[in-house]
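The analysis underlying the following values was restricted to heavy atoms, covering all of them including side chains, and did not include hydrogens, waters or symmetry mates. One-based numbering, in listed order, for ligands and for the atoms of each.
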Amino acid sequence: MNCRSSEITAESLYLRRREFLRSAAAATAGLALAPAVGCEAEPQAKPVSGPGKELADVVPGPFSSDEQPTPWKKASSYNNFYEFGTDKDDPSRRAGSLRTEPWSVAIEGEVSKPGLVPLEDLLRGRVLEERIYRLRCVEAWSMVIPWVGIPLGEALRAFEPTSQAKFVEFTTLYDPEQMPGQRRRVLAWPYVEGLRIDEAMHPLSLLAVGMYGRVLPNQNGAPIRLVVPWKYGFKSIKSIVRIRFTREQPINSWNRSAPQEYGFYANVNPEVDHPRWSQARERRIGDFRKRPTLPFNGYAEQVAGLYRGMDLRAQF
Ligand SMILES: Nc1nc2c(c(=O)[nH]1)N[C@H]1C(S)=C(S)[C@@H](COP(=O)(O)O)O[C@H]1N2
Ligand SMILES: [Mo]
């Protein structure tokens with residue numbers, strides 16, 4: 001069976017299909033799409049668990065790309081999540097050991113409302129938005145993923161950062177029993193990332209809890225992760241357990257491990273090569289041909305103003 005074309009059909013119809021499923025015409029639409037759906041389900045890597053629970057009451061959010069979403073199969077089986085190993089298929093094979101319930105996030109540092117916040121409370125009363133964002137890895141590949149989440153800035157403001165809060169630091173769970181990749185010191189665990197406060201508050205920054213209308217698969221950073229679409233993928237930290245508001249610029253894991261290769265800002269910049277390869281082009285997962293990489297991953301109109309006056313070659 002020619003899977004490529006039917007796979008594309010399945011993905012391009014994915015949004016409309018969900019509408020159909022909700023409507024009275026569900027039975028007919030389901031029939032019409034049956035072959036494509038079957039193909040979509042064809043395994044590439046064996047998933048640790050099936051697609052997550054469907055999320056209810058998701059509204060379309062702003063800034064969505066109109067590009068074709070990457071097939072779910074690829075987005076959930078070609079991953080970087082070193083806590084489960086360094087191969088692309090390690091996370092989808094091994095992340096089943098991560099327990100995502102119950103889950104809390106510690107709020108610390110320069111805030112008037114610190115505390116340990118259960119995930120349910122973090123989400124309570126908030127509208128889940130779907131935003132189709134490009135994610136561009138520093139390794140020169142990219143995907144287009146329909147994320148589901150809440151604006152990071154809105155979530156952060158609720159904790160009332162003080163005027164001293166200049167940066168926000170995020171930390172991933174540390175538990176080598178659940179995250180076997182942490183038994184090897186490929187990075188200084190736990191994984192840490194950071195944003196300047198204005199970057200964190202920018203309306204593009206998303207705290208994601210789902211993708212493709214469903215709860216995040218473990219390998220994609222369940223139960224809660226960042227998505228910062230104008231920065232290289234490593235800034236989009238997964239499985240967050242701590243958010244700390246700081247006066248000083250946080251030391252992010254990749255900067256610590258290889259400072260000459262990975263900076264703090266990590267804004268997607270086709271003009272600044274990685275020391276070992278070019279950043280001028282990228283391969284969209286599923287495509288054969290490479291395409292040019294866009295400044296700020298195509299989000300320059302929204303975010304270039306944050307960096308006015310900065311030398312982004314020096315502060316890479
Ligand atoms: N905790 C943690 N977060 C992480 C990583 C990681 O290894 N550990 N990898 C990063 C990198 S390099 C990329 S490209 C993205 C990949 O996200 P995805 O697998 O959902 O596409 O996650 C980022 N977040
Ligand atoms: Mo990445």
Hey, are [X] and [Y] close enough for a salt bridge, meaning a charged N less than 4.0 Å from a carboxylate O?
{"X": "Arg289", "Y": "Asp287", "result": "no"}
{"X": "Arg247", "Y": "Glu110", "result": "yes"}
{"X": "Arg291", "Y": "Glu67", "result": "yes"}

With sequence neighbours excluded, what pairs up with Phe245 under the ring-ring contact (aromatic ring centres under 6.0 Å, His included) test? none

Would you mind listing every side chain to side chain donor-acceptor pair (under 3.5 Å) that reaches into residues 174-184, with sequence neighbours excluded? Asp175-Gln178

Mind jotting down which residue pairs meet the salt bridge (Lys or Arg N to Asp or Glu O under 4.0 Å) criterion with at least one end in residues 249-264? Sequence neighbours excluded, please. Glu261-Arg276

Note every protein N or O atom lying under 3.5 Å from an N or O atom of ligand 1, pairing the names and giving the distance.
unit_1, atom_1, unit_2, atom_2, d
ligand 1, 1 (N), Glu83, OE2, 2.9
ligand 1, 1 (N), Thr172, OG1, 2.9
ligand 1, 3 (N), Lys238, N, 3.1
ligand 1, 7 (O), Tyr82, N, 2.8
ligand 1, 8 (N), Glu83, OE1, 2.8
ligand 1, 9 (N), Asn80, O, 3.2
ligand 1, 17 (O), Arg225, NH2, 3.3
ligand 1, 17 (O), Lys238, NZ, 3.4
ligand 1, 19 (O), Asn79, ND2, 2.8
ligand 1, 19 (O), Lys238, NZ, 2.7
ligand 1, 20 (O), Asn220, ND2, 2.9
ligand 1, 20 (O), Arg225, NH1, 2.6
ligand 1, 24 (N), Ser236, O, 2.9

